[in-house]
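A short worksheet on the structure shown next.
Keep in mind that this is a model prediction, so the values were computed, not measured. To find a chain, count down the sequence lines: A is the first, B the second, and so on, and within it residues start at 1.
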Protein chains: 2
Amino acid sequence: MEKQMNCHNRKTHKMDHYLEICLLMILIKTSSYGYDLLTNLSDFGFTKDELNAGTLYRVLRRMEEHDLVSSAWEASSQGPDKRIYEITILGKKELNDWIHILKERQERISFLINCYEEVKKQ
Amino acid sequence: MEKQMNCHNRKTHKMDHYLEICLLMILIKTSSYGYDLLTNLSDFGFTKDELNAGTLYRVLRRMEEHDLVSSAWEASSQGPDKRIYEITILGKKELNDWIHILKERQERISFLINCYEEVKKQ
DNA sequence: CCTCGCTATGTGCATAATGCATATAGTATA
DNA sequence: TATACTATATGCATTATGCACATAGCGAGG
């Protein structure tokens, strides 16, 4: 019973660095901050329960460590200050590299799906 | 320098449970064993350095724990015995579920790539 | 004034998937 | 008897991610 539940939960949309890639994609268009990015991510298929604020903030910090983004505090008249993230040159290069990986992922997935359709025919 | 190297290495094709899905796909066609599956996986885009035998065997055992496959030893006249894996009913159901996830992954990837092309235009 | 809710960022701990190195062992062949 | 190939497996570390919780500013309403 419990095993079944776990089995079901294990089927996620998880793809290596997917969140990071989405963030780079948003940030290449415009600079933004964590709390705002949380809402923008729904465009990329993130449901509310799929997205965790803690994870998001940690991913952003990791990206900054790797010099993919840079951040600066922005004072706010109403509410707490915001850490604004801006994509770097390296970040743009990184996104470009990821796009190539994504295209290969896409081919692999297509191959799998076609394979499955073939099997189903018989 | 070292950081750069890590950065580059992090860009993998890794997708959650991709190996498991490929194995289910092979095994739904025909039963097989670890060492043989190692070679068959090249069809699914696994390069030699991308595929690790230890990982493969461990994934197979995990799949058996979850009742997605069942195994039986087959004596060999030449070379060591083989553990033959066969897909189960639950395994077939699992593969079917994964296919749905893959289709959603595909849509998400397409969305990202289109997004990127749009940005590039400007 | 004080609490509640929203905005905003962050940490601690655990788990799950995977990689790398290594161990073990049977068989064939040179 | 040494080497190469077949075949399966474990130990340890790393990495990504999830869940729960902590912190703190600010505004509205009682």
Side-chain angles (χ1 to χ4, degrees), chain A residues 2-3 5-23 32-41 46-66 68-69 71-85 98, chain B residues 2-3 5-23 32-41 46-66 68-69 71-85 98:
Chain A
E2 196 198 323
K3 220 175 193 176
M5 279 296 286
N6 286 338
C7 239
H8 186 269
N9 290 346
R10 240 180 300 102
K11 276 171 235 138
T12 65
H13 296 285
K14 217 186 294 176
M15 288 180 285
D16 193 49
H17 285 86
Y18 178 61
L19 178 56
E20 181 176 313
I21 301 169
C22 291
L23 290 173
S32 185
Y33 58 99
Y35 196 82
D36 188 51
L37 289 162
L38 267 174
T39 61
N40 293 341
L41 280 166
F46 284 94
T47 58
K48 207 151 198 173
D49 59 300
E50 225 181 322
L51 187 50
N52 179 265
T55 303
L56 176 87
Y57 287 110
R58 191 143 30 194
V59 168
L60 284 168
R61 303 307 296 275
R62 185 187 66 195
M63 288 165 73
E64 189 167 24
E65 270 174 52
H66 295 322
L68 307 179
V69 294
S71 76
W73 286 100
E74 189 182 82
S76 174
S77 54
Q78 40 189 11
D81 293 352
K82 298 160 184 176
R83 187 191 281 275
I84 307 286
Y85 286 95
W98 275 119
Chain B
E2 194 198 326
K3 221 175 190 176
M5 279 296 287
N6 286 338
C7 238
H8 186 267
N9 289 347
R10 238 180 303 101
K11 277 172 233 136
T12 65
H13 296 284
K14 217 185 295 175
M15 287 179 285
D16 193 49
H17 285 85
Y18 179 61
L19 178 55
E20 181 176 313
I21 302 169
C22 291
L23 291 172
S32 185
Y33 59 99
Y35 196 80
D36 188 52
L37 289 163
L38 267 174
T39 61
N40 293 340
L41 281 167
F46 285 94
T47 57
K48 208 151 197 175
D49 59 299
E50 224 181 321
L51 187 49
N52 178 264
T55 303
L56 176 86
Y57 286 110
R58 191 143 31 195
V59 167
L60 285 167
R61 303 308 297 274
R62 185 187 66 195
M63 288 164 73
E64 188 168 22
E65 271 175 53
H66 295 323
L68 307 179
V69 294
S71 77
W73 285 101
E74 189 182 81
S76 173
S77 54
Q78 39 188 10
D81 294 352
K82 297 160 185 177
R83 187 192 281 275
I84 307 287
Y85 285 95
W98 275 120

What is the distance from [atom1] of [X] to [atom2] of [N], rounded to the nearest Å?
| X | N | atom1 | atom2 | value |
| --- | --- | --- | --- | --- |
| B:Trp73 | D:dT6 | CH2 | C1' | 12 Å |
| B:Glu74 | C:dT27 | CD | P | 14 Å |
| A:Ile84 | C:dT7 | CD1 | C1' | 13 Å |
| A:Lys14 | D:dT15 | NZ | C1' | 11 Å |
| B:Glu50 | C:dG19 | CD | P | 8 Å |
| B:Leu37 | D:dT6 | CG | P | 15 Å |
| B:Leu60 | D:dA7 | CG | P | 14 Å |
| A:Asp16 | D:dT15 | CG | P | 12 Å |

> With a 4.0 Å cut-off on heavy atoms, is A:Asp81 in touch with a base, just the backbone sugar-phosphate, or nothing at all?
Replying inline: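 Sugar-phosphate contact only - A:Asp81 comes under 4.0 Å of backbone atoms but never of a base.
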Check the phosphate of [N] against [X], side-chain N and O only, distance under 4.0 Å to OP1 or OP2. Yes or no?
| X | N | value |
| --- | --- | --- |
| A:Thr55 | D:dG18 | yes |
| B:Tyr35 | D:dT6 | yes |
| A:Arg61 | C:dG10 | yes |
| A:Arg83 | C:dG10 | yes |
| B:Tyr57 | D:dA9 | no |
| A:Tyr33 | C:dA8 | yes |
| A:Arg62 | D:dA16 | yes |

Minimum heavy-atom distance [X]-[Y], with the two atoms named:
| X | Y | result |
| --- | --- | --- |
| A:Asp81 | A:Ala75 | OD1-CA, 3.5 Å |
| A:Leu38 | A:Ala53 | CD1-CB, 4.0 Å |
| B:Ile21 | B:Asp16 | CD1-O, 4.3 Å |

> Is it true that A:Glu20 and A:Arg62 make a salt bridge, defined as a side-chain N closer than 4.0 Å to a carboxylate O?
Replying inline: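 Judged by the 4.0 Å cut-off on N to carboxylate O distance, A:Glu20 and A:Arg62 do form a salt bridge.
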>> From the set C:dG12, D:dC26, C:dT18, return the single nucleotide nearest to any side-chain atom of A:Arg58.
In response: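 The listed nucleotide nearest to A:Arg58's side chain is C:dG12.
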> Counting side-chain heavy atoms from CB outward, which of C:dT27, D:dA7, C:dT7 is closest to B:Lys82?
Replying inline: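 My answer, after comparing the listed nucleotides, is D:dA7.
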>> Can you work out whether A:Asp36 or B:Gly79 has the more 5'-proximal nearest nucleotide on DNA chain C?
In response: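 Result: A:Asp36.
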> Relative to the 5' end of DNA chain C, which residue comes earlier, A:Gly34 or B:Leu19, by the nucleotide with the nearest heavy atom?
Replying inline: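 On the 5' side of the pair lies A:Gly34.
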> Could you go step by step and tell me if A:Tyr57 and A:Tyr35 meet the ring-ring contact (aromatic ring centres under 6.0 Å, His included) rule?
Replying inline: CA-CA 9 Å; A:Tyr57 287 110; A:Tyr35 196 82; 7.9 Å; no
